Colleague: 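Below you'll find the structure I mean.
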There are 2 protein chains.
Amino acid sequence: MSQHRHPGAPGRAGAVPTLPDLPEATVARLPEYLRALHNLADAGHETVSSEGLSAAAGVNSAKLRKDLSHLGSYGTRGVGYDVALLIEQIEYVLGLTQRRAVALVGVGNLGHALAGYDGFASRGFRIAALLDADPSRVGEEINGLVVRHVDDLPTVAAEESLAIGVIATPAAAAQQVADQLVAVGVTSILNFAPCVLSVPEGVDVRKVDLAIELQILSFHEHRKASLTALPATGGTALTALPGGFAATDTQEAIGT
Amino acid sequence: MSQHRHPGAPGRAGAVPTLPDLPEATVARLPEYLRALHNLADAGHETVSSEGLSAAAGVNSAKLRKDLSHLGSYGTRGVGYDVALLIEQIEYVLGLTQRRAVALVGVGNLGHALAGYDGFASRGFRIAALLDADPSRVGEEINGLVVRHVDDLPTVAAEESLAIGVIATPAAAAQQVADQLVAVGVTSILNFAPCVLSVPEGVDVRKVDLAIELQILSFHEHRKASLTALPATGGTALTALPGGFAATDTQEAIGT
DNA sequence: CGCGATTTGTGCACGTCTTCACAAGCGCCT
DNA sequence: AGGCGCTTGTGAAGACGTGCACAAATCGCG
């Protein structure tokens with residue numbers, strides 16, 4: 001159990017790609033670690049302790065160590081983790097060593113924003129095509145890409161190796177678009193439309209619903225409000241401790 | 001244990017607001033149930049079984065029943081749930097009976113889209129103000145609202161009862177904006193900037209990072225690809241079962 | 001070379017979430 | 001009224017995720 005490193009990662013010369021099957025919760029945090037690591041690297045740090053990295057990523061340090069231990073044993077006792085090596089490892093595990101092509105369907109309000117969002121490009125993705133069902137939108141140029149009709153999907157898929165699709169259409173159109181994406185071989189879908197998609201087995205769907213996030217916050221607001229009404233204490237029950245900000249002030253590497 | 005309904009909900013004539021403290025996982029699903037219920041109501045359904053509702057919301061029916069049981073005992077054995085009543089209950093618990101005012105800071109690419117997103121308005125929220133730090137953006141009118149300078153936050157907070165803030169700025173500005181929001185009394189923040197925020201105790205932060213979602217999908221792509229490479233079976237290992245779409249075809253009420 | 005300071009990696013216990021399976025309850029039909 | 005079929009609500013078990021606390025490992029220094 002001492003040092004089991006996973007093959008296929010550093011010298012990726014066709015080695016056997018034995019991906020450790022990570023817990024979902026860990027996978028969901030890896031991108032956050034990766035972002036924090038890039039910040040640290042930009043700030044000139046060569047190594048970082050689990051304490052420092054966990055603070056920058058906003059998690060518990062024990063959790064971070066356990067997460068990273070699932071990748072293998074990178075990191076030196078008494079020293080910390082090598083920033084560059086860890087970046088390489090996480091990017092490998094996340095499959096970011098190749099720049100994945102993404103098809104974005106639905107160039108409405110949100111689609112426009114996504115098309116212009118440089119966070120995709122800067123983190124390993126390339127928007128390969130913009131598609132829309134509305135003929136009046138076809139031909140429009142956004143950020144250097146021309147909007148094509150969604151029925152051109154097969155053509156697009158033939159040009160590019162499409163694995164990921166993003167749906168930013170109204171809910172009514174989402175299922176049909178999903179079917180079209182699946183038909184051309186897309187096996188991962190990021191869905192911004194507020195509806196449930198049914199897809200064949202083997203296709204992954206992640207959903208982002210902006211209104212849902214607000215509703216969750218609303219619940220906590222409601223709860224907080226109902227708490228202040230109850231207890232015998234005066235009024236300023238939850239206006240935070242007087243002096244201090246709670247979280248980790250180890251955000252050294254955030255600024256730019 | 002038979003029928004414990006929670007006071008303060010139906011006849012909300014100042015009754016004691018005893019919010020049951022729901023599990024976080026349940027809270028996160030309630031908005032999804034609510035959306036499905038609205039669809040069912042629009043389609044004319046008066047009642048719905050846990051089976052039907054869970055299918056429309058894309059979850060396990062046992063999970064749905066347990067979730068709803070946390071709210072109290074609405075629903076009739078042998079019949080199902082009264083759609084209208086359940087909507088009322090969930091909206092009450094989520095604190096959506098009042099239309100909450102939201103301040104949106106950062107009117108860039110994403111901020112524009114959010115300002116124009118009608119999903120907020122249709123689900124209980126009202127964008128009360130658009131703010132930006134860039135003077136050249138101040139004064140611009142978006143969707144009937146004029147962009148004001150972020151330093152006007154105190155004024156805005158004085159006009160409106162602000163509890164929720166949305167941050168759609170670049171990462172470098174997010175912490176400062178969060179501080180300003182907290183300073184004027186905001187206790188819930190939805191953060192779209194890719195960074196960790198430190199806030200005082202009692203303030204809730206939820207984060208949405210579009211790139212992270214893609215990276216999680218990328219991991220699963222990577223894993224799927226490495227799986228097809230390994231097993232002795234031919235090639236079409238994961239191209240789904242021949243005939244059938246996996247999920248719940250009980251999406252009757254989705255279309256519109 | 002040995003020792004102390006430091007930090008990783010992990011066994012273990014705990015809490016939360018999920019899922020099954022079934023008793024209790026309700027309505028309808030005869 | 002009684003019985004039957006259907007559906008909710010929930011106990012219990014298992015899976016999963018979290019966090020503590022500490023042994024093992026490494027570095028630097030005298």
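Being a predicted model, the structure only gives us computed values, none of them experimental.
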Colleague: Sequence neighbours left out, what passes salt bridge (Lys or Arg N to Asp or Glu O under 4.0 Å) with B/Arg123? Give chain and number order.
Modeller: A/Asp209
Colleague: Without decimals, in angstroms, what is the distance between A/Leu68 CG and D/dG19 P?
Modeller: 15 Å
Colleague: A/Ser122: what forms a side-chain contact (heavy atoms from CB on, under 4.5 Å) with it, not counting sequence neighbours?
Modeller: none
Colleague: For A/Glu46 and D/dC27, give me the distance from atom CD to atom P, rounded to whole Å.
Modeller: 15 Å
Colleague: For residues 76-86 of chain A, which side-chain N or O atoms pair as donor and acceptor with protein atoms under 3.5 Å away, sequence neighbours left out?
Modeller:
residue : atom : partner : partner atom : Å
A/Asp82 : OD1  : A/Ala84 : N            : 3.1
A/Asp82 : OD1  : A/Leu85 : N            : 2.9

Colleague: Detail all sub-3.5 Å separations between protein N/O atoms and N/O atoms belonging to nucleotides 12-17 of chain D.
Modeller:
residue : atom : partner : partner atom : Å
D/dA12  : N6   : B/Lys66 : NZ           : 3.0

Colleague: Does the A/Thr26 side chain pair with the main chain of A/Asp67, one donor and one acceptor, at a distance under 3.5 Å?
Modeller: no
Colleague: Salt bridge (Lys or Arg N to Asp or Glu O under 4.0 Å) with A/Arg223: which residues, sequence neighbours excluded?
Modeller: none
Colleague: By side-chain hydrogen bond (donor to acceptor under 3.5 Å, both in side chains), which residues pair with B/Lys207, not counting sequence neighbours?
Modeller: A/Glu32
Colleague: Could I get the full list of salt bridge (Lys or Arg N to Asp or Glu O under 4.0 Å) partners for B/Glu221, not counting sequence neighbours?
Modeller: B/Lys224
Colleague: Are OP1 or OP2 of C/dC17 and a side-chain N or O of B/Asn60 less than 4.0 angstrom apart?
Modeller: no
Colleague: Taking salt bridge (Lys or Arg N to Asp or Glu O under 4.0 Å) as the definition, give me every residue that meets it alongside A/Arg206, ordered by chain and number, with sequence neighbours left out.
Modeller: B/Glu213
Colleague: Could you list the protein-to-nucleotides 5-8 of chain C atom pairs, N/O on both sides, closer than 3.5 Å?
Modeller:
residue : atom : partner : partner atom : Å
C/dT7   : O4'  : A/Gly78 : N            : 3.1
C/dT7   : O2   : A/Gly78 : N            : 3.4
C/dT8   : OP1  : A/Ser50 : N            : 2.5
C/dT8   : OP2  : A/Ser50 : OG           : 2.6
C/dT8   : O2   : A/Arg77 : NE           : 3.0
C/dT8   : O2   : A/Arg77 : NH2          : 3.3

Colleague: Expressed as a whole number of angstroms, how long is the span from B/His70:NE2 to D/dT8:P?
Modeller: 16 Å
